[in-house]
Structures are given as C-alpha cells and as structure tokens.
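Lettering of chains follows the sequences in order, A, B, ..., and the numbering in each one begins at 1.
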Amino acid sequence: MNEIKPPRIVERAPEGDEWIPSTCNLCYGTCSILVHKVDGVAVKIEGNPKSTVGKGRLCGKGVSGLMTHYDPNRVRVPMRRTNPEKGIGIDPGWEEISWDEALDEIAGRLKKIRAEDPRKLSIQRTTTVYTMGLPWAAFAPGFGTTNVSEGGGGLHCGNSAHQVSGLLHASWGVLPDFQYCNYALYFGASKGHAAGHNSNSNMGQAADARERGMKMVVIDPMCNFAAAKANEWVPIRVGTDAALALAMCNVLANELGTLDIPYLKAKTNGPYLIGPDGTYVRDIETNEPLVWDTKDSIAKPHNVADSEDMALEGEFEVNGVTCQPSFILLKEHLKKYTPEYAEEITTVPAENIRRLTAEFAKEARIGSTIVIDGVTLPYRPAAAIAFRGLQGHRNATFNFLAVLLLNQLVGAADVVGSCHGFNSAFDGIPETGRMGYQPKAGPDGLMEVGTWMAYDPPYPRPEPKKPEEMGLQDLFVMGMTSPFFNSKEGEELWEKLDMPYRPEMLINYGANIMMSIANKDLIAESLKKLDFIASFDLFMNETSDFVDIILPDRGYLGCYNTRPNSPYIFSHPAGMGDWSWAIQQPVVEPEGKERIFADVLIDLAERADFLSDMNAAFNAVFDLRGENRLQGDKKYSYEEICDADLKNNFGDERGLEFFKKEGVISWPKTPEEVYWRPFTDARVPIYWEWMPELGKKIQAISGPAGLDVPMEYYSALVDYLPCASHECDHDNFDFYTFYYRDTLHTNSFTMENAWLDEAAQLDPYSYNIAMNTQSGLKRGLEDGDLIQLETAKGRKVKGRVHLTQAIHPEGLGIAALCGHWAKGMPVAEGKGIFYNELLELDWENVNPVNLTLDLCSKVKVSRVEEN
Amino acid sequence: MTSARYDQLINDLKSEYRPQREWAEGRGAFLIYGHFLVGVAAGGWLLSRYFGSFDGMVLSYLLACLGGLAHLVNLARPERALNMMLRYKTSWVSRGFWGLTFFMIGGLLYFLSRSEFGAPLGEGSRISAAGDILAIIGSLTMMCYMGFVYTASKGIPFWNSTLHPVLYIAYAIRGGIAVLVLTLALRGQELGGESGLLELWIGVTAVVIVLWVLEIQGAVSSGDETAKRSINDLLAGRLAVYFYGGTLLIGLVVPLVLTTGTIAPLSASILAVIGLASIIGDFFMKYSSIKAGVYLPVRLPHLHR
Amino acid sequence: MKWGMVIDLKRCVGCYGCQLSCKAEHGTPRGVFFARVLKQEEGQYPTVSQTFLPVLCNHCEDPPCVDACPTGASFVWEDDGTVDIDHDLCVGCRTCMLACPYSNRYFNDNEQAYYGDQGQTPYEAARTSQHQEGVVMKCNFCRDRRQEGKEPACVANCPTVARHFGDLDDPTSNVSRLIKERAGFVLHPDKGTKPNVYYLPA
Amino acid sequence: MGETPAPELEIEEDRSAVLWYSAERNAAEKPAETAESENSGTTISIDVLLFGLLSAVTTESPISLSLPSTATPLDVVAALEDRFGADSFAQIKDPNIGILTCCRLFVNGEPFEDPYAPISPDGLAGTIEMIILKGFEGG
C-alpha cells in the first residue's frame, strides 16, 4: 500500500454535528440542499425536503459537490504571473502574493480606466453560478461598464431560446406542463432528462408524467437522455428541425385545418392587417395596428374591435391599400413546407410527419376546458418544446419560433397541459407583495415580459444605433451574448464604427473562456490583446494561461446568495405546486486564503473610489427600499447587504439570521399564476412585422462598416435556412457533429470532480464520440477506435468512437465541454473531446438576429493509428 | 496518479464481457499456483502412498507446503487465515482449507512416526496410522473440493459446468502419476514393466482430454454467450498461447511422444522430462482455464443471450 | 421481515444520483461501487431503445456469496434478511466476488484517495479512512441510515422517485404492491439466488 | 374558415373561446385612468444623482434642477442635456421606449418605470437617482 500523504492539517474547531441548509451550485439549477457538517468537515450533501426546488433530492452532480470543494487542485491563494509572455500551455510562472498586493494592483488599474472610459473594462462570468454572481450585477454598473457577458454560455446556450420564449411565453425557456400534458413533442431538448434549468426538479415532474401516461415524442439526432425515455424517438438530420416543425405547422393549418381560431384571434397578431409593403396598416389618429371587424365590416384599431369579430382571412381595402390579416399570409407561406419537402431535408419520412401532426392536433383537444382549484381554464394537453440543441444553429431564431408556432396554432400556450414558459407570472412574496411580476400588453398590443434576466427585455426593442458596446448589442438589438467580444469581425467593426474606446482590462468570474466559445487559437488571440486580466477561479484552467492575477474563490459552499432561485423564470420549478425561497450561506471554513468574492468586489470599489456608485447599484439591483437602502459611500459587508435584501423582501423579522436557520420558506402557487395566459390581455407575434425594417436599420449602420446583414434572416415569416454545415459538400466530409449537455457534467469544470469523472469514464457516451454502428463498420471502424474529426477549415479533434444504433447515420454526438489540456486540472486533463475546437467564430456562423453561434459542423472522419 | 490496476478495472467495467482478474492477476495469480500445487500434491501423495514411493510422498508434501504458502499469499489478510475453518458447512474453500490442514498434520505425523532417524514412535504405532489416515483424508478432500469451488462461482458461467469437479480430480491423479514418474526418474531408476505407470498416465490423460472436450462442447452448446466468450479467449484469444503452448504442446504432445519411446529409450532423464512436462501441462491447463473466466454480464432478462 | 427494493425503469433517467449519493454516504474508495448505473441498448437503427439500468446488491434470499465465503464474513442479518460483510472476519480471498452472478462486490485494494498521490481530502479522511483495506466491500441497504429511521441513501435521493424500499414479506407494503401491479421482474432469475431487488418494466 | 377540419377532430362546442376573449373584455370595462394632475404651473426642485457610467457626464453631485411639477423623466433628461450637452445622454434615449429600460430611475428611493408619467404628481420636491444596469443574461 503506497504511503498516503495525510490531508493538510487545517485546524477545525470540533463543532459537532449539524445539517446546514444552503443551495447547490454545481449547475445553475440551484437546488436547495442540506450539508452535513461533522467536526468542521462537510461529509454529506442531500436535498432539502422543505424546498420545492428538488423536493429533498439531487441529481448525480449535486451529491458530488464535496469532491469539487475539497479538491486538492483548488486555487487557495492569490497569485500573480511572473512570465509576461502569454500563450496556450506557456507557464505563467505563478507566485503567491497577498490579497492586499493583488487588490492594490487591480484597483490601481481600475482607477486609471474609470478616469479614461469605464467601458474599457469588460466582465466575463460563468453561467454555472449565475444567481450566485449577483454582486457582479452591482459591481459592473457601479464601475460604469456595460460590457458584461457570459463566457460562451449565452452564445451557445440560449440566445434565441430565451428571446423567442420571452416574446411568446414571457419567460426564459419553455416546458411541457408535466402535471397535465398528455403529448409532448421534444425538439432538440432534454427537459427533465439530463441537464439545464431546473433539471433535477424537472426529472421528477417528467417521470410522474411518464408514469401517468404522457406520450413523449423526441426529435433528436441521438437516442440518449430524453429520447431514451420517449415513447417514440424521431431521428433527424442535425440542424434541420425547423423544416420538420414548419411542415407540421403546414399540415395543421392547411391539411388538417385544426386551429384554435378564438386563440389566434384574441392572443396573437394574426388579425392585424398587413399592407403590400409587409407592415401593419395603422389607424391614422392612434397609430394602432388595424384589424378587420367582420361584424361592422370596417377596419378598426385592434384595441377597439372585439377579438371575436376580427377577420383572420380575406382581403380588404383600408386607407387606400389592399391588405390581409397576417395569419393568412402565414398560412399561405407555410404551404411550401410540404411533408415531402421536409423529408428531403430532415430524413424524417413524410407519413411520420403527417401522423405525428395528427396525433398532436388530436391530443391538443382544441376547444376544451378544465377546472383547477375551482378556476376554469383552457385545456390543451399537448406541447411542442425546444431548447439548446435546437437553437444551436445559424437559423436559431426561426428554428425556435417554428417549434413554438405549433403551440400557437392549437392554442397550447401557458394553459393547462400545454407548452409553458417557466413561472412567467408571480403574485409576489406573501405579506409584502415584493418581487411580483405580470406579463402585460406593450406597444401595438404585443406582450411584454413580467420580469427578465437583465434590464433589456425582448420587447419593446430599442432602435439600432451606432454601437458603443463591445458586443454591439446596441446595434444588433435582438442579440444577447455576443461573438464580437472575441471575433476578428468584432475588432474590425469597432474600428470602422469608430468605437470611442477599446477593451483593455478583463475581470473574469469562473468562466473558462478558452473552452466555452470556439476554437482555442482564435480565443487566445483575443485574450492576448488585453493589457490585464484578473480572474476569480476554483481551478487554474486553460484560461489561466492568459491571466495576470488569479484570486481564489470560496465556491458555492462558502458564499452568500439571497436569491438563488430568482428570478423564478430562470431556476425554479414550473407548473402547479409551491413557490420556494431559499438562500445560500457559507457552510465550512475556507481550506486556504479564499474570500467571498462579493466582499472582494466591495474592497475593490472602495480602493478605486466608486463605493457610492456600487451602493447605488446594489440599491437598484436589489430594489432596496426605505431604511434597507445602502447609504452613500458607507462600506457594507456582503453579509449586511444580504440581510438588507432579505428584510426588504420578507420584513424585518425574516432577515439573514432567520433564513440561515430556516433555510427555505414555501407557499402555494395559484392557478392564475401558473396558467396566466387567459387572464392577460396581450398578443404574441406569429407574424414578425418589425423584422424587415429592423434588418434594414441595422444594415444601414453595419453595411458601410463592411458587415452585411443577410436579409432572409430578417423576414416577417418564419423559414427554414440551412447551416454552413449543410452546404459543405466536399467528398468524404460526410458527418454532422453536434454536442449535448451530459447529465453528469456542467459546462467544463465538473470533469475535475473525481467522482463525476469516474462515473463519466464508465458511461458509454460521456467521453466518447457516438457514431452509428453501420456508418462506423462501413468505414472499417471498431468500437473504441481512436478517430480524428476534421472540418473544412482544418480544425481537428481526436477521440474514442463509440459505435451505437442509437444515433442518426450522419450524426456524431459528443458530450460537451470536455477535452481539458490544463495542468491545473489533472483529473479533467485529456478526458473527452474539446468539441468547440471545431467551431469558427465569424459572421457566417452566427445567427444575424440573436447572435447565437452555430454549433454543428461537417467533418471528415479518419482513424488514428495507435502503435 | 491513477494506478494501472484501477484504470484496468474501469476499462473492464466498461466492456461488455469483463474478464475475472481476482484469481488471475496480482496476488490472485498465487491462487492459481496454490490450486495447482495442492492438486498435484494430493494426487502425488495418494499415488505415491499406493505405489509405496516414499520419495513421492515427500515431494508431494513439499508441493502441498508450497501450495499452502501460495494460498496465504493470495489472501489480502493472511493473518486471519484461520477464520477460513469456520464455514465448512457451506463453503468449498473452507472445506479445502480443512483438507489442507488435515493433510499437513497427517503428513507430518506420518513422517515423524516412520522416519529413518528412529523417532520413538516407530512404524505401525497408532500415531503413524492416525497420520496416515489424516493425510489420506486430507489429500482426498484437497483433490475433490477444488472443482466445486469453481462450480459454485455463479458469477463465471464457464466454470459452472458439473464436469469441473471430475476434471480437477482427473488433474490431481495425472499430477500424482507425474510426481511418481518424476521421483523414480530422480532416483535414476528405470521404469520396470510391472509398474504400468506410463500406461496409467496415458489412460488418465485420455480421461482428462475427454473431460476437457466434453466441457468445451458443453459450454459452446449451452448457448451461454459468456461461457462461449471464455472459450473464445481460451482457444483464440488472450490465453491461446498458454493453452496451445503450455497445455497441448508441453503437457500432451511432448510426454505422449516420449512415452512411445520412439525418440529415445525410456531412460531416467526421459522419464523426468515426461513427468515434468505433464506437470507443466497441468499448470497451464489450470492457469488458462482460470484466467479464461469471464463475469456474467448484468443485463435485462430479455436482453440476456 | 425481508427488506427489498423496487426500481422503476420507466422513471429512471440515468442521472447517476444513486451511484453518487451512495458514494457520498459511505465514502467508498476508488473502484468500489455499492450502486451503479448501466446503459443497455436494444434494437437496430432506427427502431432503437435504450434502458438506464441502476444496479446494486440484490440481497438474495439464497446468497451464493454467503455460502462461498470460508470465514463467515459474508452473512445474512437475521432481523431483516439483508446480506452484509463483517470486515473483521474477511481474509480477502475474493471467492465471494466470483460467486455473485451480479458482480456487485468490489475488492478494496486501490489507493484510498480519489486524488491519488495528492493525498486524501478532508472528506475522505473523515469517511473513506473508516473502511478496512484488503477486504471485499458491498452494499448493505444502508444499515446505519435504516437504524436512524431513514431510507437507504440511493432511495432517498432518487430525483425521479424511481426507487422504492420496503418489506417484501408484507404483501401490503409499497414494494410488494408495485411488484404485483407492474409485473416486477428480477435479473438473472435462472441463477436461482432469489434476488430481492425487483425492476418495473420501462 | 379554410378546409373543414378532419372528421374525427370535430370540435363539438368550443368552451375555451370565451376564456380567450375574457381578458380583453375585463380590460374594456376598467376605464383607463389617466390622472390629470391638478396643480400645473408650479415648479418643483429636483436633485439628480448620477451613478456609474452616467456619472462621467459631470462631477457635480447632486445636480439641482427646478422643473414644472408635471415634469416627466424625459423632461428631466432633456433638462440635463441642456446643461451638459446635446447628446450626453444619447446612450439611454430611444425613440420607441423613451428611456431604455436598462437605465433605472429612482424617485425618492422608489423605482419609477414610466418615462412619460409625471415624477411627482403631488408637486413635492424629490431626489432622482439614475444608473445604467446592463445585461446579465446567459444560462
């Protein structure tokens, strides 16, 4: 037995045996947990049964948190690089420094930049600990920079999923109403079967639904996770979901004719009259879009006529122009998407497309109602949902809209059993009514979200203008996380649009930028241009090669968070049941010199003289009122700010101390909150009238600067548009790669967790490239062979192939984001495939509307000889 | 950082058919040596006793000691070896332990009682008789228990055929003969016609071959994919070298050819070679069949082939 | 009294919650899995199905491992029929590992630290170090948790509530009812060990 | 309305239609309250505190303005632009929305959402805090 080094002796006061309530953050699902601490050491993590978030149970990651917390490879002290040369794999020559030295240097640079132009500072955050990172929402505005972004998360994750879910369902994403849904169509999503928002709670709800008899049809290139549990797996060529969804919409509208006419009249902009130029015909006085009142056979503003009398079809003369209701334009437009056309593109047989659509139409039970807790509601127990897998393509926006359109045609939107936004409406915290939100009608009667993840909701949209943000989101106004932070085009545009400043300094919070966006060389270039990078991290990862000062973070078992599940549209279970409000609190002492990052930010604000601004930002972010507001430039500890936030929302007797003991409080949801759509007088856009005009406005600014906007993406009617990979037809480039989120891993950091890594090594898919057995045998490959994938641009990755029947013959399924090469993560190093190495980060591969990155690529496969 | 054996375990757990390495690699190899030595010793003692070859008995006793030692090395906690006496009611391994214990004690008493250096007990005394009986009981137990250990291992389908115990008995006898032949050869004695040892050896070898063929045929026809996988590993896989080289060539072809006397007259040295080759053949027979053990994969019933 | 478990394959989504909550509960060292998740594929493209199959010791009524064990280290608790190992008796001969048709027994002779030569984490110093080395280890249906009135860790943690734990001798218990109602089946019934872990069809 | 639906999908009687129309009807009953402020003509004094990026416009803090009591947030911004330069607040203005939602406005510590509504209908003096809270999406 080789000699085992004793663990570092950390004096632990024998504090006996207690279970401490807090919140898991190995992913942003933020399930409520209880941590068993014995004599100062955390020895078990379990779910907190008092909370509806997880209901006392955790997924595989949640229970494995200890091996990340106590990983000996954790960064434990502040360090400064001594080797000025930066590059992949070049040793930065770390030397330990004190917190004071680190903060003085960072604060000095902040002061200089803030004097010149605070926007020279950009901030990059990991999505993993999204809600725990709330203090950044105060630090950045306090300092004065608007250049804030999620490391790859948004770009890969859900730019379009979030935007379109916001426009149509007033929430961050959509789900089937598991409790009542009888027929769920999954397009490129796992919802309740692998990872993502509320994955743990969704698993329970989806399992209940499956046992109750909900039929699941999963459209996915791979039969893993959701498709494995489905009643029917519909294999599909990668990235062609929109063609299938539009063909199904066509069958619904033009073959079966099973439409929820009252819904389309009252809840969509279907009745709005569209003139020859494709825009609304507007009332001369009120400028409101006009509709045709069939009772009085005259055009009236939408907010004057009764929806019941509005025409959805026909042609009319209004204000001297001939016009038609937008619905008929959509209905006609859909006709070109015949099932036969879709079969050609998607490889899904036409008769399956017709059968599935007929099943969906029948299960939707158009016209039926149901009584829930005494409230009569529309009953549409069928849902078509989608998420990251579907929208990870250049046609992201339309891909997502095409799927959600299926629900709109049968009225299955935010009612019982239907497609749901997560928690789009909330009455507020009992007794104080704080934090409540309700979707409502905005300009032109179209729906505005009740609440949003940030402060630029999807509607109403600002006007595109000459950009002053590095990500150019003030020009691409429907964009969210942006490629222009790191892409070459971004720099060229800053130049040509004479951006008043250039990025000089980056502060990173846990994001592994080198692995989470695209190929590593390109990202390395963009990082090397920055003068100074400071980074809060758990481990020294691939990005650390470019960092100047690394600061040790306490991690989720050592941090405060008063809003782990807020806003409820992000990480709280949907559907009927309870609301829960939990907190996150430090559970164990640090193993080294780690500090709570929020207090570090407050220190920095003090040293760089913007503490009063940061306090004002905290007041704004937490919406603190009365004596809970932070005063002037007084220095608060983050613990005090948390106490103020909780008292502000829950009253003085329920501050931090109350929640530290209680952990979580819950109260019941009402049917009106969960099934809010009939109670909200607002319409959703199924005809995106503003798009052509918006495209032209953007082109007017970006065109002269050398970036042309492809107008087919800015059309008012939803279309299938191929990705670059579909048009790559070099010979023997015959596989489409796609990546999916493994249930065992979160983004790129849990591969270092020894338990999760061990489980992933045993999993047939986690660290392998899944290939169809027949496709593999045809190429003389055997299960376990080492193969190489190469894109047309010459990007290469290697990995072990796993031959399986459970994948489309042209698909290569890879779990992301593995393939570490950093020495600071020895367990993770060399495990799995660095998928993003295959990706380019340029305008041809970015969705021109929401700036989502196209994640599929066409590759050539070859076996790697091993001696 | 990760130990090679741990990586091997992970790869094994990933593969559909997982080879058993518990009694094959690392300290597990000593289990094979132990079973081999104890088997030969048991046969050796009985046959030597029957043919009255004192040398054979001494050699067998030494082999048994070595076998016992090997078994101890196989144990991860040898200091608790005596616990293995407890569950003789159900455990074949425990019965084997008792067998070896009886044999060791019996053999010792037997030697002490009639050794040339005139121990007080003298031949024919009750102690010597007790020793003799104990040793016989011990070696019979050692000979018979071993096959049942494998038959009882439900996790390895290849071993579960009922022929296994008979096969191990046959091994023991063949080993015994080989020990006798070896001791005679070492004494430089020519093999007298009367002993018929060689004929007996050929007969037992034939029995072993028949049992082997039956067992392999049984496994193949049983339709049990796992057993077939073991045989595949044995005849065409990772253990083919040991099987063809060790068991067939050295253990069968060489001695058989030599016994015909065509190559060379049955001189003492040839006898020694025959004996040794036979023993080596037995070793590789056990070595390859034990290492060929493959775990029954855990599968849903309707998927189990 | 005979404890048994029912695992609903329609509910399980292969999240590894059982395998890892068990590991967290007992601090089992590397390469020792009291509970595991297997993935089994069936059929030809495109009519393919994949089943997530969580496995653990079946606590058989006629356990071959207990019969095979020479020292009595492997034994059956009289009070509740669960199969356990007395690590003070085990000599590490590993016979039981070969006797088990479900290969649910693991030999503890790997390094006792998940991060190898970087030493044990404080968690492992608190939990993993309690285990003896050179002995065989297995699931005992969380005897310690049960004595505190809790369900086994894997049952309590399963996010899809796919695992049910109860007394198979009591016909009215949840497990007995589920086995009857949903035609529960066992793995390798032909091995005659009378396993007490049942599966409900996917 | 287009082809007749396939036979077995016949909707006997659409019970949900009335529910789809209900919200619109409820909204129609409630008169849209447009409170007219009575005491027009008087002026109110307002102290403006600019934080974060906006504080780059001036070091003067607070900025005291006196505006008519019907002043709306847009009027405040217009007054500030008169003082500090025509497009000093261009980044937060927008023809569709008035003031971008990421520019948070607090009147006497309470958030103020509508850029077109009068800041203090009751004509009291007030402190306005303004700060730009930028996007934090992702996940």
Side chain, backbone, both or neither: which part of [X] has a non-hydrogen atom closer than 4.5 Å to chain B?
| X | value |
| --- | --- |
| C/V66 | both |
| C/C69 | backbone |
| C/V91 | both |
| C/Y199 | neither |

* To do: Examine whether an atom of B/L31 lies under 4.5 Å from a heavy atom of chain C, and if so say whether it belongs to the side chain, the backbone or both; otherwise answer neither.
  => neither
* Tell me, for B/L9 versus chain C, whether the close heavy atoms (under 4.5 Å) come from the side chain, the backbone, both or neither. => side chain
Among [options], single out the residue with the greatest number of heavy-atom pairs under 4.5 Å to chain C.
| options | value |
| --- | --- |
| B/R27, B/M84, B/R80, B/E79 | B/R80 |
| B/P157, B/G293, B/S94 | B/S94 |
| B/A152, B/P78, B/S91, B/A81 | B/S91 |

* To do: Taking B/W23 for its side chain and C/L98 for its backbone only, find out whether a donor-acceptor pair lies under 3.5 Å.
  => no
* Asked: Taking NZ, NE, NH1 and NH2 as the nitrogens, is one of them in C/D109 or B/R5 under 4.0 Å from a carboxylate oxygen of the other?
  -> yes
Drop me the distance from [X]'s [atom1] to [Y]'s [atom2], to the nearest 0.5 angstrom.
| X | Y | atom1 | atom2 | value |
| --- | --- | --- | --- | --- |
| C/T71 | B/N83 | OG1 | CG | 6.0 Å |
| C/Q40 | B/H302 | CD | NE2 | 8.5 Å |
| C/C93 | B/R77 | SG | CZ | 13.0 Å |

* **Heavy-atom pair of closest approach, residues B/E22 and C/F107** => OE1-CB, 4.5 Å
* Asked: So which of C/L38, C/L89, C/L187 has the biggest tally of heavy-atom pairs under 4.5 Å with chain B?
  -> C/L89
* **Among the listed options C/A68, C/C90, C/A99, the residue most often paired with chain B at heavy-atom distances under 4.5 Å** => C/A99
* Applying a criterion of heavy atom separation less than 4.5 Å, what residues of residues 95-103 of chain B form contacts with chain C? -> none
* To do: Apply side chain to side chain donor-acceptor pair (under 3.5 Å) to B/Y242 and list each qualifying residue two or more places apart in sequence or on a separate chain.
  => none
* To do: Please tell me if the side chains of C/E111 and B/S3 come closer than 4.5 Å, counting only heavy atoms from C-beta onward.
  => yes
